[in-house]
Amino acid sequence: MLEYLWIVPLLPLLGSAVNGLFGAKWPNKIVNGVAIGSTGLSFLCALEAVREFFDYFAQNHQPFHKAFFTWIAAGNFRAGFDLQMDQLTVVMVLVVTGVGWLIHIYATGYMAHEGGYYRFFSYLNLFMFFMLILVLAANYVLLFVGWEGVGLASYLLIGFYFLKKSASDAGKKAFIVNRIGDFGFMLGMFLLFRAFHTLGFQAIFTSSALQGWPVELTGHLGTLTFACLLIFMGACGKSAQLPLYVWLPDAMEGPTPVSALIHAATMVTAGVYVVARSHILFAHAPTAMLVVAIVGCATAFFAATIGLVQTDIKKVLAYSTVSQLGYMFLACGVGAFSAGIFHLMTHAFFKALLFLAAGSVIHAMGGEQDMNCMGGLGKKIPWTYMTMLFATFAIAGIPFWAGFFSKDAILFATFQSQTGGSVLYGFGLLTALLTAFYMFRLLFLTFGGAPRFDEHKVHVHESPWSMLGPLVVLAVLSTIGGWLALPAFFQGPDYFSNFLAPVFGGHESAEAAGDIATHHLELILAGVAVGAALIGILVAYWLYLKRPGKADGVAKSLKPAYTTLLNKYYVDEFYAAMIVKPLLWISTNVLWKTADVAGIDGAVNGIAAGTTAIGDGVRHTQSGNTRSYAVWVVVGALVVMAVIFFWPFGGKPVLGMLR
């Protein structure tokens, strides 16, 4: 399978093409078979490729790389359809195919009664294809194809309900904001090509030029620093970091399976993956590393504060996703790349589960998404409640669920880091407290207390097993997904970090790898993080279960802050006032009315009008009157004679020149 690695992404592409071309005439069962079958086979092929990779690596001690054909050749530049597999690819490809397959199964139940059923699964398969190209690519050019492809697929999926204006606007917003980041990504690639004359990963990372490249000290803005910052600009767009995060909350307008696949397990993690893949470049650019850490930490805290007061169940999870992605970038910024990828993996499990469980709640409530109109659902939909409870334990960092280990690794590495140390750690810890609060607020408002809806009008019902099955599997993964780090917690080997060591090697900070930190300090910091989470849980319990009316009183007493958070710091309004409206005014009044209508159209229409006027005047000479024609002949003869006798040509009349 390694020799035919292209089969892994090809299968979802075939599924997308078959359903897109023929699915309109097929019943849902056949569409399901194509969509689930193609992604399921891709998952099986990925498992076999991973198994073969372990055998290959044991013999060769290097990543597998295969050049299938040349795509672009210009002079000495070559960009081929080259795929690779190393330990980082293994993690990503299994997350994409495994979690993606479960979400496809869930979607067959969730979307069963929706129009455009075949189209939805065609788009979903297409997204899987591009995401697999992104993570399997062996050079930046092919990676960029997958990068742009997932942007296209996300536009189609977010705007799936295109007759709904808010959905179509959200799709366009996601597409445009990502193009801003992608412009930076392209410039970063151009800089890398200028420096290394290639865009292949192995060629750059093992080149003598890079090995001899001095570390660009903090504050020094050299070529690699600019290249890394531009690549990170692309990552900020794709992974929804400040200031390009605004598209992701609006993207909740798409169907819930889309939120689970794109905004939890795959696309939004692409930026983290690219930074981790480029870790050797970032290791030479401490300034870029510092920027990554600060932006990640700021985004984590900023998004968590907004999540405190949102009432739409999917919007809370959207801001939670932005916040957790900030944690991943914080890890990469302090040199703890393994911890960042570890959190990427565990987050894929519990955040996909949270979104799918939220979809099950919405399904049970007949489409209702406002948590103020829920309550008391714990006994009515127990399977959904239990699975979502496990996911909430994981994201809140409760021992020994998956999120506890990965979040603890990030906070520990941040505390030990020289890149911000206690300040970044403090904000990371506060974010953990806020995360526990808003997630248990969501849980208590949705499943606890008395029902806040008319039980005679809303027929609450548990979801079918096509939806509950993936929830149970993801609940298990959210529970045990972090146990790879369990031995390390008890002073044993850190299996996950050891697994990724051939990729990151000595480019991780010693502090992040835990070489110089005492185990005692790590236990203390883990206890502090758990204590912070418990404080958040207890406050949420007191406000929303014990004293349910107290939350409104707190909101009224802190009305300015509450209103600011409820309106998401007015960032969208600021962008609209400072960027969108001026651009629309310039486009309308300058580019359209002045340049296009008055300038271009005016010139073209003026020439046409002038020609018409001349033609209209000349046509009157064709009167059909013989005497009129004779007059025109005489006039013409006089004009010719005047030219011959009097018109100067070269300083002399024409007649004089003829002589």
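Any value given below was found using the heavy atoms of this structure, including those in side chains, with hydrogens, waters and symmetry copies removed.
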Check for a donor-acceptor pair, side chain of Ser557 on one end and backbone N or O of Val554 on the other, with a separation under 3.5 Å.
yes
Does Ala475 offer a backbone N or O that forms a donor-acceptor pair with the side chain of Thr479 under 3.5 Å?
yes
Nearest-0.5 Å distance that lies between atom CG in Leu124 and atom CG in Leu156
11.5 Å
Can you name the closest pair of heavy atoms from Leu433 and Ala532 and give their distance?
CG-O, 3.4 Å
Pairwise distance CG(Leu389) to OG(Ser478) - rounded to 0.5 angstrom
11.5 Å
Just so I know, are the side chains of Ser323 and Tyr438 near enough to count as touching, which here means a heavy-atom distance under 4.5 Å?
yes
Decide yes or no for Gln324 and Lys407: does some side-chain heavy atom of the first lie under 4.5 Å from some side-chain heavy atom of the second?
yes
For Lys351 and Leu317 the tightest heavy-atom approach is NZ-O, 3.9 Å
Please tell me if the side chains of Ser239 and Phe329 come closer than 4.5 Å, counting only heavy atoms from C-beta onward.
yes
Are the ring centres of Phe120 and Phe160 closer than 6.0 Å?
yes
Just wondering, do Met111 and Pro255 contact through their side chains at under 4.5 Å, heavy atoms?
yes
Any side-chain heavy atom of Leu521 sitting closer than 4.5 Å to one from Gln416?
yes
Run Tyr569 and Phe302 through ring pair (Phe, Tyr, Trp, His ring centres under 6.0 Å) and show every step you take.
CA-CA 9 Å; Tyr569 292 99; Phe302 177 83; 4.7 Å; yes
Would you find a donor on one side and an acceptor on the other, under 3.5 Å apart, between the side chain of Arg452 and the backbone of Asn372?
yes
For a 4.5 angstrom cut-off between non-hydrogen side-chain atoms, does Trp101 reach Ser42?
no
If I take atom OG from residue Ser320 and atom CG from residue Leu442, how far apart are they, to the nearest 0.5 angstrom?
9.0 Å
Just by modelled atom types, is the Ala432 backbone N or O under 3.5 Å from a matching donor or acceptor in the Tyr327 side chain?
yes
Close side-chain approach of Leu377 to Phe453, heavy-atom, < 4.5 Å:
yes
Without swapping roles, check the side chain of Asp408 against the backbone of Phe404 for a donor-acceptor pair under 3.5 Å.
no
Let me see the working for Glu114 and Tyr161 under side chain to side chain contact (heavy atoms under 4.5 Å, CB included), right down to the final yes or no.
CA-CA 10 Å; Glu114 296 285 352; Tyr161 300 123; 3.4 Å; yes
Given 3.5 Å as the limit, does a donor-acceptor pair link the side chain of Glu368 with the main chain of Asp370, or not?
yes
Any Lys/Arg nitrogen of Asp86 or Arg277 sitting under 4.0 Å from an Asp/Glu carboxylate oxygen of the other?
yes
Please work out whether the ring planes of Phe440 and Phe444 are parallel, tilted or perpendicular, with thresholds of 30° and 60°.
tilted
CE of Met328 to OG1 of Thr346, rounded to nearest 0.5 Å, is 7.0 Å
List the steps, then state whether side chain to side chain contact (heavy atoms under 4.5 Å, CB included) holds for Val258 with Ile103.
CA-CA 9 Å; Val258 173; Ile103 293 171; over 6 Å; no
In terms of relative ring orientation, are His279 and Phe504 parallel, tilted or perpendicular, with 30° and 60° separating the classes?
perpendicular
Taking atom types as modelled, find out whether Thr256 and Tyr106 have a side-chain donor-acceptor pair closer than 3.5 angstrom.
no
Restricting to non-hydrogen atoms, name the atom on Ile306 and the atom on Leu565 that form the minimum distance, rounded to 0.1 Å.
CG2-O, 4.0 Å
Closest approach of Val361 and Phe447, non-hydrogen atoms and distance?
CG2-CZ, 3.6 Å
So, does Ser278 use its side chain to make a donor-acceptor pair with the main chain of Val275 at under 3.5 Å?
no
On the 0 to 90° scale, with breaks at 30° and 60°, tag the Trp465-Trp383 ring pair as parallel, tilted or perpendicular.
perpendicular
For the pair Phe437 and Tyr544, name the ring-plane relationship: parallel under 30°, tilted 30 to 60°, perpendicular over 60°.
tilted
Residue Trp247 excluded, over 12 heavy atoms near CH2 under 6.0 Å:
yes
Shortest non-hydrogen contact from Met131 toward Ala270:
CE-CB, 4.2 Å
Please walk me through it: do Phe342 and Leu500 pass side chain to side chain contact (heavy atoms under 4.5 Å, CB included)?
CA-CA 10 Å; Phe342 190 28; Leu500 291 177; over 6 Å; no
So how far is it from Ile341 CD1 to His343 NE2, rounded to the nearest 0.5 Å?
11.5 Å
Heavy-atom donor-acceptor pair, Ser360 side chain to Leu356 backbone, under 3.5 Å:
no
Write down the atom of Ile537, the atom of Ala436, and the distance for their closest heavy-atom approach.
CG1-CB, 4.1 Å
Verify side chain to side chain contact (heavy atoms under 4.5 Å, CB included) between Leu354 and Thr392, making sure each step is shown before the conclusion.
CA-CA 8 Å; Leu354 285 169; Thr392 306; 3.9 Å; yes
Evaluate ring pair (Phe, Tyr, Trp, His ring centres under 6.0 Å) for Phe390 paired with Trp401, printing each intermediate quantity in order.
CA-CA 8 Å; Phe390 278 29; Trp401 271 264; 5.7 Å; yes
Are Lys314 and Ser259 side-chain neighbours, meaning at least one heavy-atom pair lies under 4.5 Å?
yes
Inter-residue atom distance Leu248.CG - Asn178.CG, 0.5 Å rounding
9.5 Å
Tell me if a side-chain donor or acceptor on Thr446 pairs with a main-chain N or O of Leu443 at a distance below 3.5 Å.
no
